[in-house]
Amino acid sequence: MDHVEFSANLKRQLEIKTEALKVTPMMKGKRLTDKGVRFPGFRQRVLDYQKGQQLEKGALPLPIDIVMHESVPMVLPDGIKLYSDIYLPGRFQDLSSEPAKSVPALVAWSPYGKQKGTTLLDDFPMRAGVPKNWLSSLEKWEGPDPAFWCSNEYAVVNVDTRGAFTSEGDCYMFGHQEAEDGANFITWLSEQPWCNGRVALTGNSWLAMTQWKIGSLRPKGLAAIAPWEGGIDPIGAGNFNGGIPFHGFHKDVTNQFVTQGAIEDMVAYLHQNQVRDVYWEDKRAHPEWINVPTYVVASWTNAVHTPGTFKGFSLLHPTVPKWLRVHNKMEWPDYYDDNSQRDLKRFFDYYLHGVENGWTSTPTVRLSVLHMGLKDRVDTINRPESEFPLERTKYTKYFLHTDKTLSMDPYTAGEVSYNAVSGEKCIFTMQMPSSCETTGYFMAHLVMSSATNHHELDVFVQVENLNSKKRRQGTMCLNPQGVVPKTVLKLVHDWQIGLGTVGMAFHWGPDGQLRASHALGREENSRPAEPEYMLKEKKPLTKGEVQALDIPMRPYGMFWEVSFTKHLLLH
């Protein structure tokens, strides 16, 4: 994309932002003084941490002396002031003077709080699989640990974004306003005396989603991005998948936000506007505009992040140096795992420090496939590939039959009915013919109608495994330390209780959903195995109206054992 085309796209994005802000609802958030808010108080100071210091019981002792410059102000072009905590190796006592050796900066961009803040790993059972001694406790939520990065000659910058905690203004989510703020902040940071002029974005979830948006603005000083499990479009990130509104996840997240201003009420807008319009268009990232090296990390199991992460990677321009690593764990243990941090360090060392370490010979794609019924398969962990989806993919059609079986035999005329209103499900079952791997996209083509006068038809599809006892068999996403936690996880899996019913600890197979009234018009980048609907209009159904639906399912990499039965579940 040349400069003229990029400028035209940017101009259009600014127009979309202006229109979107006119219809953006706002709400009151938590205040700094509210009960339960983890706010250490507003302090502007220089704080020294000593090598070997342990900030919390059981935490990782600091490997070097680290200095924190707390609540450093930065003024945005519209006068709004942001505050950030800047962690550096101990020799950086004065930010205003140029040191003998400058360092690159890693930015953790989110409204979660630059210290402690809205969520901690300690809030989750078994710390969601992240041992206490892996981290120093200096990290912000889902951001990099200064203990590791400062000891490797990086600065870590934890930002309170616009409207978060003590930063001024109102808090906006995922749109062009947040991307502009991030771009301006990166440029300012790259010009600081202690910085070598190279800045990168890193972090998980929200900290990843904003990277796609900020990176598409091509700010001066941005040298690389590393979005770790975060999609490119909030519509597909747990809000409006397949045209079916779901507000629970983002409502829970935003209800924890702390501000002195107001917070964007994305849930309220979703209630009133269930089509893609200018508001949602403002939040869609454009990976095809990104022009810096990009290291993308994905998993198969995250309902919020998985589809958008793979889509973001596929939309990056062919000339952009890019890498995709897909793990078979849960996102937080993977982000903080020592091997993961060192792998990311090689990427950043090459592009931010200029170290000739052979990074560019790293395979473009590395896949770790899930194992159904097997504890370990070395050949499916970090397997090198040259692309995704895999060119050698062989798409296979399985047909639904009236006896509720699945097979490769073409279907015969007939119909199957079930009462979705009462919670009934329709299950089609087949015996696996052989052990095999399915890595890529699943899609369900269903011809359906409603026997009632309901104007909507919401279809949920799940592919699962049944073991020899006819119980569904999941794959474990967490690997906690100790015999007792592992035993507990096995019990909740086998009895399908507690954590056994959600995707954080276990996963059951690829799934997808679609509201029939929204199955109109495909996106330009939609592919046969990856149907993607525009969601810009909807057509209510009539009683008995027959409609052919292509239901997209998340990409999935799984090795299936022949001893299991695979079934397709509709509800």
Side-chain angles (χ1 to χ4, degrees), residues 24-45 47 49 54-59 68 70-73 80-85 87 108-130 132 135-143 145-146 158-174 178 181 203-207 209-210 234 238-239 246-271 304 331-332 336 498-499 502 504:
T24 299
M26 306 299 289
M27 67 178 185
K28 182 180 178 181
K30 285 189 173 182
R31 297 310 190 200
L32 298 172
T33 54
D34 285 356
K35 183 179 180 180
V37 170
R38 296 180 176 115
F39 178 58
F42 182 73
R43 302 167 300 203
Q44 288 183 299
R45 60 180 179 173
L47 185 60
Y49 298 101
Q54 194 175 41
L55 301 176
E56 291 182 4
K57 184 179 180 180
M68 177 183 70
E70 189 172 6
S71 298
V72 177
I80 292 293
K81 189 178 292 183
L82 305 183
Y83 291 98
S84 61
D85 293 343
Y87 295 87
W109 183 271
S110 78
Y112 290 147
K114 55 188 176 64
Q115 290 178 50
K116 301 298 184 183
T118 59
T119 311
L120 300 175
L121 285 166
D122 289 330
D123 298 335
F124 296 86
M126 295 173 284
R127 284 176 52 90
V130 182
K132 186 82 171 181
L135 300 171
S136 68
S137 82
L138 290 178
E139 72 284 347
K140 72 180 293 185
W141 175 240
E142 297 182 320
D145 186 359
N158 292 344
V159 191
D160 277 345
T161 57
R162 179 187 293 255
F165 286 81
T166 56
S167 286
E168 297 174 352
D170 296 329
C171 183
Y172 294 99
M173 303 179 186
F174 302 122
E178 186 175 13
D181 292 348
N204 168 244
S205 190
W206 188 302
L207 289 79
M209 293 181 70
T210 53
N239 283 298
F246 175 74
H247 53 74
F249 174 72
H250 277 281
K251 183 176 182 180
D252 290 343
V253 172
T254 54
N255 281 346
Q256 299 300 313
F257 283 2
V258 180
T259 183
Q260 297 182 95
I263 295 174
E264 179 176 343
D265 193 346
M266 193 160 59
V267 172
Y269 195 85
L270 178 61
H271 271 301
V304 176
E331 60 196 279
W332 302 326
Y336 293 116
L499 286 175
V502 298
M504 178 178 288

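Since we're looking at a predicted model, the values are computed, not measured. In what follows, every heavy atom counts, from backbone to side chain, and hydrogens, waters and symmetry copies are set aside.
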- Message: Nearest 0.5 angstrom please: Phe39 CZ to Lys116 NZ, how far?
- Response: 15.0 Å

- Query: Would you find a donor on one side and an acceptor on the other, under 3.5 Å apart, between the side chain of Asp123 and the backbone of Leu120?
  - Reply: yes

- Query: Got Glu142 and Ser110 here, is their nearest side-chain heavy-atom distance under 4.5 Å?
  - Reply: no

- Query: How long is the gap from OG on Ser84 to CH2 on Trp109, to the nearest 0.5 Å?
  - Reply: 9.5 Å

- Hey, what do you get for CG (Asp145) to OH (Tyr87), rounding to the nearest 0.5 Å? 9.5 Å

- Query: Any donor and acceptor pair, going by atom type alone, linking the side chain of Asp170 with main-chain N or O of Ala262 inside 3.5 Å?
  - Reply: yes

- Message: Which label fits Trp206 and Phe257: parallel for a plane angle under 30°, tilted from 30 to 60°, or perpendicular past 60°?
- Response: perpendicular

- Task: Answer yes if the side chains of Ser71 and Lys114 hold a donor-acceptor pair under 3.5 Å, and no otherwise.
- Result: yes

- Note on the structure: Interatomic distance, CE@Met68 vs CZ@Arg45, rounded to 0.5 Å, equals 5.0 Å

- Message: Less than 4.5 Å apart, side chain to side chain, heavy atoms only: is that true for Trp141 and Leu121?
- Response: yes

- Glu168 side chain vs Lys81 backbone, donor-acceptor pair below 3.5 Å: yes

- Message: Is it the case that the side chain of Glu178 and the backbone of Met173 share a donor-acceptor pair, with hydrogens and angles ignored and the cut-off at 3.5 Å?
- Response: no

